Structure formats: structure tokens, C-alpha cells
Number of protein chains: 2
Amino acid sequence: MNIKQLSKKLGLSITTVSRALGGYSDVSKKTKERVKKFAKKYKYSPNLNASRLASNKSNTVGFVLPLYGLNSNQLNQSSFFEFIAGMSKKLNNENIHFFMFFANNAEEEKQAYNKLIFVEKVTKIILHNLKTNDDRIKLLTKNKINFVTWGRTKDLKNYSWVDLDNQGSIELIMQHLVEKNHKNICYINIAESYNFAYQRKQGYLKSLKKFNIKYTNKYYITITNEEPKKSANLIKKLLIKNKKITAIICSTEYTAVGAIKACNELNKKIGKDISIVTFDGPVIERITTPALSAIVHPREQLGIKAVEMLLSMDGDNYKHQNFLAKPKLIDRGTIHKVSK
Amino acid sequence: MNIKQLSKKLGLSITTVSRALGGYSDVSKKTKERVKKFAKKYKYSPNLNASRLASNKSNTVGFVLPLYGLNSNQLNQSSFFEFIAGMSKKLNNENIHFFMFFANNAEEEKQAYNKLIFVEKVTKIILHNLKTNDDRIKLLTKNKINFVTWGRTKDLKNYSWVDLDNQGSIELIMQHLVEKNHKNICYINIAESYNFAYQRKQGYLKSLKKFNIKYTNKYYITITNEEPKKSANLIKKLLIKNKKITAIICSTEYTAVGAIKACNELNKKIGKDISIVTFDGPVIERITTPALSAIVHPREQLGIKAVEMLLSMDGDNYKHQNFLAKPKLIDRGTIHKVSK
DNA sequence: ATATTTTACCAAAACGTTTTGGGTGTCAAT
DNA sequence: ATTGACACCCAAAACGTTTTGGTAAAATAT
């Protein structure tokens with residue numbers, strides 16, 4: 001069933017049918033309703049290729065999902081899932097298409113963006129995993145693509161972004177810990193080459209200052225991609241050398257599991273002798289014992305926001321917006337009070 | 001740059017340019033090369049909407065990814081990632097498009113398949129997470145969609161499929177254990193409503209028969225979605241009640257973590273007093289101690305195979321194929337030898 | 001030398017929409 | 001009665017390809 005056949009059934013011109021379905025004002029209400037009724041009845045759905053060709057609009061948002069190196073660099077798959085869920089919810093609602101390329105290596109990833117722009121002719125893209133100085137921003141700007149990023153570059157240039165409040169997350173944890181009289185708080189971060197890790201460190205430093213605690217590099221460790229398996233040992237050594245430590249903050253679940261192991265081996269009771277706080281993921285609640293207190297990020301909401309921003313952009317006609325998601329701290333009982 | 005402009009530059013007709021790029025035999029080799037060179041030079045890439053409209057071919061494979069209930073029903077996200085990676089590798093190579101819908105609930109999922117067929121007009125789909133009696137197979141068959149499934153229904157009807165060898169996996173484990181003189185082997189499966197769980201049970205039963213070991217329901221437990229947190233306790237009780245048990249097979253990583261905990265609490269040394277074997281996932285190697293021996297499935301290869309099959313189908317012109325992936329058992333040292 | 005086949009190209013139609021640039025009839029205002 | 005505004009509808013052009021149904025020239029066969 002195409003528009004020609006449908007218009008015949010209706011006794012109307014193709015034009016009128018098209019404009020009725022498009023909601024134009026030069027079609028009477030009565031006709032509009034009749035057309036829509038018939039369209040439903042005969043299961044008419046416009047040929048998208050013809051429609052896009054004629055209108056020169058793709059009505060599509062593009063996204064590139066890297067399928068490589070996900071676990072190995074400790075970026076959790078589930079965080080992608082949550083963000084994608086948010087995007088797709090919003091897009092499904094708005095009847096906008098969601099076109100996703102999958103990249104199995106860096107080369108494919110680069111190609112994917114080019115394909116999105118030059119082959120698929122997508123005009124709206126959501127970017128993520130920002131590098132400190134990201135080539136893609138130039139590429140998109142140059143080709144007049146509307147885009148919103150998830151994450152920020154170090155030098156916040158002129159673009160729209162949504163992000164988790166990484167700095168605020170650590171500040172929230174620190175606040176909570178200090179209120180319970182913790183003073184010897186160590187932080188196991190991941191490599192600072194990730195901008196979000198850098199932001200988190202800033203939160204750590206800022207909080208220390210705020211609460212008049214001296215920074216010592218003995219309490220601040222970064223764990224690289226190759227070390228996740230060894231993190232338990234690293235933390236064990238740390239705890240042995242620095243007996244005063246009463247709280248450990250871990251930037252990833254896997255590290256937190258290492259911290260649990262270290263504490264067990266040293267016979268330190270978590271939630272009594274020592275506190276552990278980390279960032280939420282699928283593993284914690286399901287398989288760690290005890291279930292750890294953790295920062296929860298509204299990643300789905302972030303996906304929704306990103307799409308909202310993107311859709312509000314209209315060619316050149318928009319102002320840059322941004323959105324910083326508020327973190328929550330869920331205390332599952334692994335934070336204890338230190339006696340003064 | 002469109003085909004008209006390009007043909008002008010070349011001094012050729014639109015037809016010839018189109019057919020040159022399409023590789024038709026009624027264009028001379030010389031011209032073909034010249035056209036391709038120019039196309040590259042001027043970065044010409046055919047307008048996909050026009051091309052699809054004219055040729056009435058979408059050259060697209062459809063897939064629906066459910067974003068809901070993934071963790072809660074113990075189906076690991078990473079298994080999807082690996083399968084998708086396989087599909088996208090093959091599709092990228094063949095220059096076929098990969099169209100994915102994301103479903104945030106059962107309703108959206110159902111809709112997604114309808115959209116793929118009636119709106120996107122995709123003619124090739126890859127199906128997965130098969131139910132025992134799956135409506136989608138009817139839908140696709142009725143609408144003459146070429147499809148390949150990942151997984152099988154109970155009553156294997158007439159369709160092409162790829163699958164992990166679930167039955168064979170358990171048989172492989174059992175073989176290995178029996179060779180090391182294990183006789184009291186318990187198996188913690190997940191709910192048999194998942195067809196793959198059912199298949200695994202068959203493997204367990206078949207192996208017991210083969211090795212003349214009597215089946216007892218004391219040794220076979222299924223863990224439902226609600227119990228993953230409690231699995232440690234379940235297994236602990238099991239071990240206390242049945243002191244003879246020397247080996248535990250777990251169908252999921254999370255359960256295996258529970259088994260570790262149970263053994264620790266009972267002071268049973270894993271790999272010395274008791275063996276644990278499970279199915280591979282991202283958690284095991286990274287955070288369980290010890291790293292467990294496990295069945296590894298070539299999920300990426302499965303994705304590649306599925307696409308290969310699908311592309312080899314040509315409308316009505318094909319024979320049903322299938323592919324059963326061979327499992328591997330990686331022994332990381334948690335399987336011990338029992339003295340006779 | 002003529003007939004036949006093969007090679008290499010092309011004009012025009014087709015795909016199913018949206019958009020452009022109208023048109024006609026009705027109603028209120030003059 | 002005429003004009004202008006408005007409501008409602010339409011024919012035809014346009015979008016950028018692929019495919020159809022050719023033709024002319026060159027190569028081969030008779």
C-alpha cells in the first residue's frame with residue numbers, strides 16, 4: 001500500500017493525503033481525520049527512502065558504539081547500556097530514528113563517524129568517551145553537524161554537553177566520610193588520562209582542602225588497565241603501611257572487589273574497622289559481600305537529556321546547553337563512624 | 001556531489017556511471033576504473049535513500065536489542081556485546097547496513113519487530129533469546145523475511161539457526177571431571193524455562209548415564225532470578241548436607257561467586273578439596289579469587305556465522321542451515337583429582 | 001562482402017514521497 | 001456587486017538513484 005493507492009481509496013489527491021498525514025494547516029480537520037483513519041486501516045506507512053529523498057531530511061540521530069577494549073579499560077558496558085536505554089526511550093517517543101554504528105577497533109570507529117556524516121547523511125550525532133583534545137569535535141563542527149557530547153574535554157570549548165558530576169561525586173563521598181569523623185581517607189583512582197578520572201581527583205583535592213586535611217600521595221593511587229587483577233595486593237600493602245587509614249574510595253567496582261579481599265585478608269571488618277565506598281555497577285549488588293556503599297549516577301536520565309538537547313537544535317539556530325547530573329550516595333552499610 | 005555532476009565531469013551518461021560503480025559487465029574495464037577513480041577523487045557516495053528507492057533493496061540486516069531485564073535474569077550483557085561484535089564485523093566487511101532497534105520493555109520489543117518489517121522494510125533479521133514457542137518465527141515467516149536465529153526453540157522447526165552447544169558444554173565438563181575420578185558432581189542450573197538451561201540439563205543427565213552415575217535431585221538445583229544473592233547460602237546448605245560432593249558446576253558467574261563464598265566459609269579449599277567449574281564471563285577472570293575454570297563459548301564467531309548464513313539466503317532461494325559452536329574448557333586450576 | 005554476435009554506451013522511465021505554485025469556492029467587508 | 005481574505009484542495013516538479021530497452025560500432029563468423 002503506497003500513497004497513490006491510498007489516495008485513490010480516499011478520492012483525494014496524493015498531495016492532500018501527504019499533507020494531511022504531515023499535519024499541515026491547509027487540510028481540513030475532517031479530511032485529516034479521514035485520511036489518518038484510512039492510513040491505519042490499510043496499514044499505510046510511508047516509504048522512508050522516498051520520504052527522506054524527497055524531503056532531504058533523515059530524521060535520524062547517529063551514535064557510534066565501540067565494541068573493543070571495553071572491559072580491559074574498566075569502562076563498564078552497563079554504563080553504555082543505561083545511557084543507550086535513555087537515548088532510545090526518548091527517540092522512540094519522538095519517532096526519530098536511531099542509527100548506530102558498531103566499531104570493533106579504532107580504525108572502524110573513525111570510519112564510522114565519516115560514514116555517519118558522508119554516507120548516511122545524518123545531521124545529528126551524540127558523541128561520547130571524549131578525549132582531552134578531541135578530533136571528532138572539529139570534524140562535526142566543520143560539517144555542520146548538530147551534536148551533543150556525553151562527557152567533556154579538558155578545555156571546554158563551544159559545544160553542548162551532558163555529564164556525570166565526577167568532581168561532585170567525590171565531594172559527596174568526602175563530605176559523608178568527614179561527617180563520620182574520617183580523616184585518613186585514601187582514594188584509588190584509575191588512570192588520569194581519562195578526563196573523568198581527572199575530574200574526580202579534583203574533587204578529592206578540593207574536599208581535602210575544604211576540610212583542612214593534608215594531601216599525601218601515600219593515600220592517592222591510580223590503577224592502570226593492566227593492574228586490575230593486582231589491585232587487592234596494592235591495597236593490602238597500602239593498608240599495612242598506613243595503619244591510620246579508616247576509609248577507602250574506589251573509582252571502579254573491580255578495584256572495590258580488590259579492596260574487599262585486602263580487608264578480609266587483614267582481618268579488618270568492613271563497616272566496622274574500615275569503610276569502603278565506590279561507584280555503582282552491576283557487580284556490586286549482585287556478587288560482592290558485603291554489598292558496597294556507592295555513588296549512583298542517573299545514566300539513563302543523561303541519555304534522555306542528551307537527546308532532548310540534540311533535538312532542540314535546529315541547524316544553526318540554537319544556543320549551547322549543558323547538563324550536569326546529580327550523583328546520589330547509597331549507603332549500604334559499609335561506612336562506619338570513627339570515634340573522635 | 002551526486003551522480004549527475006560526476007557523470008558530467010566524466011563525460012559519460014548517468015547510466016554508465018551507475019553501472020560502472022555497480023560492476024556491470026556492459027561497461028569496459030577501462031571506463032570502470034576511470035569512474036571509480038573519479039568517484040574517489042570527488043568523494044562521491046551514492047545517496048542511499050535514492051538508491052534504495054530505485055532498487056527496492058535495503059541491503060540491511062535488522063536486529064532488536066532488549067535493554068531491559070538483562071542483569072535481573074542473569075543473561076549477561078557481555079554475551080550480547082560479543083555476538084554483536086561478530087555480526088558487525090562481518091557486516092562492515094560486506095558493506096551491509098546493520099539496523100538495530102532498542103527496546104526498553106516487552107511492548108517496545110514487539111513493536112520493534114513490526115517496525116523493522118513494515119516501516120524500515122528490512123528483509124533480513126537476526127533473532128535471539130528464543131522462547132520455547134516463539135511468535136516471532138511465525139511473524140517473520142508469514143512476511144517472507146529471511147532470518148537466522150541465535151538459539152533454538154524446543155521443537156526445532158524449519159529455520160536456520162546458530163547456537164552454542166549447551167548440552168555439549170556440560171558433557172565436556174562432566175567428561176573432564178569423571179576423568180579425574182569425580183563421581184559426586186552437583187549442578188547449579190538456572191530456571192529451565194530458558195531453553196538453553198534445559199539443554200544443559202540434558203547434557204548433565206546424558207553424562208550421568210554414560211558414566212553410570214545415578215542421578216539424584218539432591219545434586220541438581222535450579223536458581224531463579226530472585227535468588228542470585230542467596231545462592232551462597234543454598235550451596236552452603238547443599239555441601240553440608242552432602243559431604244561426598246567433590247565438584248560443583250555452575251551455570252552462571254554470579255552463582256559461581258556464591259559457590260566460592262560457600263566453600264570459603266566451610267573451609268574447603270577450591271582446587272584441592274572441591275572443584276568448581278562455570279561458564280565464562282567478564283567477572284570471573286577479573287575479580288573472582290581464584291579465577292575459575294570455565295567453559296568458553298565463541299560468541300563472536302557465532303555472530304559472524306549467523307550473518308554469513310543470513311546473507312547467503314536469497315529471497316526464497318536457499319536451504320536451511322545451522323551451526324553449533326564448539327565449547328572449550330579452560331582449566332584455570334580449580335579442578336582437582338580425586339583419589340580413587 | 002555480408003550477416004551475426006558482442007561490446008560499450010545511453011535516453012528515458014521508474015521508484016514513492018514532499019514541495020512548489022498554483023486554483024476554486026465561500027464568506028465577510030466594502 | 002465587487003473585492004479581499006481565507007479555507008481547502010490539486011497537478012506537476014523535484015529528489016538521486018537503478019533499471020529497461022534500446023542503438024551504434026566493433027569484432028567475429030560465414
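Just so we're on the same page: letters track the sequence lines, and every chain starts at 1. Note that these values count all heavy atoms, side chains included, but never hydrogens, waters or copies made by symmetry. None of these values were measured; they are calculated from a predicted model.
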Report task. Just compare dT19(D), dC9(D), dG16(C) and give me whichever is closest to any side-chain atom of N2(A). Result -> dG16(C)
Query raised in the report: Within this structure, what is the CD1-to-P distance between I14(A) and dC9(D), rounded to whole angstrom?
Result: 16 Å
Report task. Using whole Å, report how far CG of L10(B) lies from P of dC10(C). Result -> 10 Å
Query raised in the report: Does F99(B) have its ring centroid less than 6.0 Å away from the ring centroid of F101(B)?
Result: yes
Query raised in the report: Between T31(B) and dC9(C), is there a side-chain N or O to OP1/OP2 distance below 4.0 Å?
Result: yes
Report task. Would you indicate which nucleotide in dT17(C), dC10(D), dG16(D) comes nearest to any side-chain atom of S51(A)? Result -> dT17(C)
Requested in this report: Could you work out which one of dT19(C), dT17(D), dA8(C) sits closest to the side chain of S28(B)?
Outcome: dA8(C)
Report summary line: The reported gap from CD in Q321(A) to OG in S312(A) (rounded to nearest 0.5 angstrom) is 4.5 Å
Query raised in the report: Relative to the ring of W150(A), is the ring of F83(A) parallel (under 30°), tilted (30 to 60°) or perpendicular (over 60°)?
Result: parallel
Query raised in the report: Looking at the rings of F81(A) and F81(B), which for Trp means the six-membered one, are their centres under 6.0 Å apart?
Result: yes
Query raised in the report: In whole Å, what is the span from the CG atom of D26(B) to the P atom of dA24(D)?
Result: 17 Å
Requested in this report: Determine the contact category for R19(A): base if any of its heavy atoms lies under 4.0 Å from a base atom, sugar-phosphate if only primed atoms, P, OP1 or OP2 are that close, otherwise nothing.
Outcome: base
Requested in this report: Would you kindly check whether a donor in the side chain of S13(B) faces an acceptor in the base of dA11(C), or vice versa, at under 3.5 angstrom?
Outcome: no
Query - Length of the CG-C1' vector between L6(A) and dT17(C), whole Å - result: 13 Å
Report summary line: Whichever of T16(A) and S55(A) has the more 5' nearest nucleotide on DNA chain D, that residue is T16(A)
Query - Among dT17(C), dC15(C), dC9(C), the one nearest L53(B) by side-chain distance - result: dC15(C)
Query raised in the report: For the pair made of NZ in K29(B) and P in dC9(C), what is the distance, rounded to whole Å?
Result: 14 Å
Requested in this report: Send over the distance from K8(A) NZ to dG16(C) P, rounded to a whole Å.
Outcome: 13 Å
Report summary line: Contacts of K121(B) and G11(B) projected onto DNA chain C by closest heavy atom; the upstream (5') one is G11(B)
Report task. Could you tell me the separation between the CD1 atom of I3(A) and the C1' atom of dT19(C), rounded to a whole number of Å? Result -> 12 Å
Requested in this report: May I ask you to evaluate whether Y24(A) reaches the phosphate of dC9(D), defined as a side-chain N or O under 4.0 Å from OP1 or OP2?
Outcome: no
Requested in this report: Just say parallel, tilted or perpendicular for the rings of Y42(B) and F38(B), cut-offs at 30° and 60°.
Outcome: tilted
Report task. Whole angstrom is fine here: how far is it from CG in L48(A) over to P in dC15(D)? Result -> 20 Å
**Report entry** Short side-chain N/O contact from Y44(A) to OP1 or OP2 of dG16(C), under 4.0 Å
**Finding:** no
